[in-house]
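What follows is a set of notes on a single structure, which appears directly below.
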There are 2 protein chains.
Amino acid sequence: MVAKPATRLSIAEHLAEAIFSGRYQPGELVPRELDLCERFAINRSAVRSDLRQLVDVGIIERISGHGSKVREYSEWHILDPQVTDWMARYAAPNPQIQREILTFRLDVEPYVAMTAARRAKARDLVAIEEAFEGLGQNLRSASCAEERRLHSECDVAFHVAIFKATHNIVWAQLSHILRPSIHLLVSMSNESASDPEESLERHRQLMESIRMRRPREAFLAAQAVLAGTADALGLEPGAGSLGGSALVEAKSQVDLEG
Amino acid sequence: MVAKPATRLSIAEHLAEAIFSGRYQPGELVPRELDLCERFAINRSAVRSDLRQLVDVGIIERISGHGSKVREYSEWHILDPQVTDWMARYAAPNPQIQREILTFRLDVEPYVAMTAARRAKARDLVAIEEAFEGLGQNLRSASCAEERRLHSECDVAFHVAIFKATHNIVWAQLSHILRPSIHLLVSMSNESASDPEESLERHRQLMESIRMRRPREAFLAAQAVLAGTADALGLEPGAGSLGGSALVEAKSQVDLEG
DNA sequence: CAAAAGCATATGTTGAACAAATCCCTCGCC
DNA sequence: GGCGAGGGATTTGTTCAACATATGCTTTTG
């Protein structure tokens with residue numbers, strides 16, 4: 001895909017950028033329709049159409065005769081793919097939300113990996129392997145921004161492929177929320193606290209566990225992959241909303257068909 | 001809320017009803033804009049605005065110069081609150097999706113309950129308890145449809161309150177997908193396979209476990225609550241996308257061992 | 001001083017005209 | 001006879017203009 005040359009960026013895109021980067025805070029009013037028309041040299045219908053998109057995902061609220069107000073973060077539909085896309089591209093909008101998503105990932109991904117190990121078909125392994133190889137190729141050349149972007153895209157693709165391998169539509173759609181947290185890590189870029197080579201090796205372990213249909217190993221491998229992530233953001237493992245400790249209990253009590 | 005008297009139901013609502021109930025299948029075209037204008041005696045701008053909502057949640061795809069096509073189920077944003085609301089109100093649209101959601105619930109809710117047991121504050125207990133009491137009140141009078149609706153609303157509220165008690169925004173928003181599966185159960189109404197009194201008791205156990213901050217008990221109690229649900233829809237425990245088998249193993253072993 | 005009327009401002013609704021994309025049928029060339 | 005270019009019909013996309021309605025602030029009036 002060559003990136004369309006001059007198709008005007010939608011108003012929704014501009015406003016989302018402004019809101020997600022914090023220039024308009026919850027409670028504040030965004031410019032009125034006619035100002036947006038002038039600012040972007042566009043007609044009012046188009047402006048209204050785009051504003052509706054922001055309304056539908058809970059980001060703004062329109063008050064007849066008054067204006068369009070940015071809603072509280074808790075009202076945003078952060079599970080909407082479009083919203084997570086904006087979160088990823090317009091940077092850490094709200095550190096709190098980023099932490100919440102990472103906590104969620106810490107809770108969920110080991111189980112997703114476990115399920116993937118049980119149900120992944122050959123076709124799923126292809127997707128996982130391709131993403132992994134992309135991860136390896138773009139490892140060394142972490143110089144320019146473009147290279148790093150490519151690397152993080154492969155990282156996203158790797159995790160998304162695992163979610164899809166569960167063959168459950170809910171899990172598959174949840175994979176969208178990975179994008180912001182992974183992109184955040186790249187932007188922080190002090191992920192290098194842990195050796196990149198080592199990180200790659202952990203990803204390989206996870207991939208192999210799924211391929212060899214070893215749910216328990218996959219569970220642990222996914223935890224290992226995320227461990228570095230948690231450190232980078234200062235999340236202690238036990239703080240996970242899903243208690244790691246209890247899971248370890250359960251795991252120890254049951255011989256997870258290792 | 002008294003239900004607005006005659007504010008015309010939106011076109012989106014009508015189309016959603018038609019699509020979710022299966023009158024328009026994926027791949028088919030919905031009526032063209034001008035037909036919708038005539039059919040609902042409304043102007044084209046309003047029609048287009050509503051159609052945009054359906055586009056944004058992935059339900060239809062607009063093809064310039066051709067028409068508006070219903071997209072495949074896998075493309076629908078089933079995590080969107082509006083979509084789950086339509087699923088709940090316009091009945092089992094797609095048994096497959098319902099199964100997927102129930103599988104997801106079986107995987108997730110025990111862990112959510114466990115987390116809630118760790119993090120619930122007093123305020124959360126209030127919400128859970130209120131929903132539980134509503135559950136008990138509307139138990140006996142399962143006669144008319146209105147009563148049953150009230151009962152299922154309390155059921156939804158109970159589970160939603162537990163999700164919210166995790167104090168994680170992702171989990172909280174995920175609680176939206178409970179609605180369709182709970183409403184489905186009510187409509188099937190053969191939940192009575194298990195004694196209502198017994199079901200209420202299981203809910204009470206879950207509530208108490210969370211209150212007493214006993215994560216492991218909460219985990220098991222949530223599994224017990226969902227067990228009847230799984231039976232009612234003919235989901236064998238092992239079919240869970242997330243290692244249902246391992247979790248059920250855990251439960252049975254723990255149960256047997258006291 | 002307070003309540004009501006009025007005004008300014010913003011969003012909500014409607015209607016029309018034209019532009020662009022797609023499909024399909026027809027015509028003409030090879 | 002087959003195949004491709006061209007054109008017309010259909011449908012969605014875009015733009016513009018006018019009016020209706022809701023909200024907040026100001027002014028008027030008892």
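Every chain is numbered from 1, with letters handed out A, B, ... down the list of sequences.
Atom P of nucleotide C/dT14 and atom CD1 of B/Ile11 are separated by 10 Å, given to the nearest angstrom. As rounded to whole Å, 14 Å separates atom P of C/dG12 from atom CD1 of B/Ile42. Here D/dT12 presents its P atom at 15 Å from CG of B/Asp50, a figure rounded to the nearest Å. If you take CD of A/Glu61 and P of D/dA22, they are 17 Å apart, rounded to a whole angstrom. Separating the NE2 atom of B/His66 from the P atom of D/dG13 is a distance of 12 Å, rounded to the nearest angstrom. Rounding to whole angstrom units, CG of residue B/Asn43 and P of D/dC16 are separated by 19 Å. The CZ atom of A/Phe40 sits 17 Å away from the P atom of D/dT14 (whole-angstrom rounding). Nucleotide D/dT11 holds its P atom 12 Å from the CG atom of B/Leu36, rounded to whole Å.
Judged by distance alone, the side chain of A/Glu61 and the main-chain N or O of A/Lys69 form no donor-acceptor pair under 3.5 Å. Proximity of a side-chain donor or acceptor of B/Ser49 to a complementary backbone N or O of B/Ser45 within less than 3.5 Å is not detected. Side chain of A/Asp80 to backbone of A/Val57: no donor-acceptor contact under 3.5 angstrom is found. A donor-acceptor pair under 3.5 Å is formed between the side chain of B/Trp76 and the backbone N or O of B/Arg71. Of the possible polar contacts, one joining the B/Asp50 side chain to the B/Ile11 backbone as a donor-acceptor pair under 3.5 Å is found.
Side chain B/Arg44 to base D/dG13: a donor-acceptor pair is found below 3.5 Å.
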Using the side-chain contact (heavy atoms from CB on, under 4.5 Å) rule, take B/Glu13 and B/Trp86 through it: C-alpha gap first, then chi angles, then the decisive distance, then the call. CA-CA 8 Å; B/Glu13 200 70 21; B/Trp86 283 332; 3.2 Å; yes
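Between A/Ser45 and A/Ile63, the residue anchored nearer the 5' end of DNA chain D, judged by the nucleotide with its closest heavy atom, is A/Ser45.
B/Leu34 comes within 4.0 angstrom of nothing in the nucleic acid, heavy atoms only.
Using a 4.0 Å cut-off, no side-chain N or O of A/Arg48 falls inside it from OP1 or OP2 of C/dT11.
Sorted by residue number, the list of members of residues 25-33 of chain B with any non-hydrogen atom under 4.0 Å from DNA chain C is empty.
Heavy atoms of other residues, nucleotides or ligands lying less than 6.0 angstrom from CD of B/Gln25 number more than 12.
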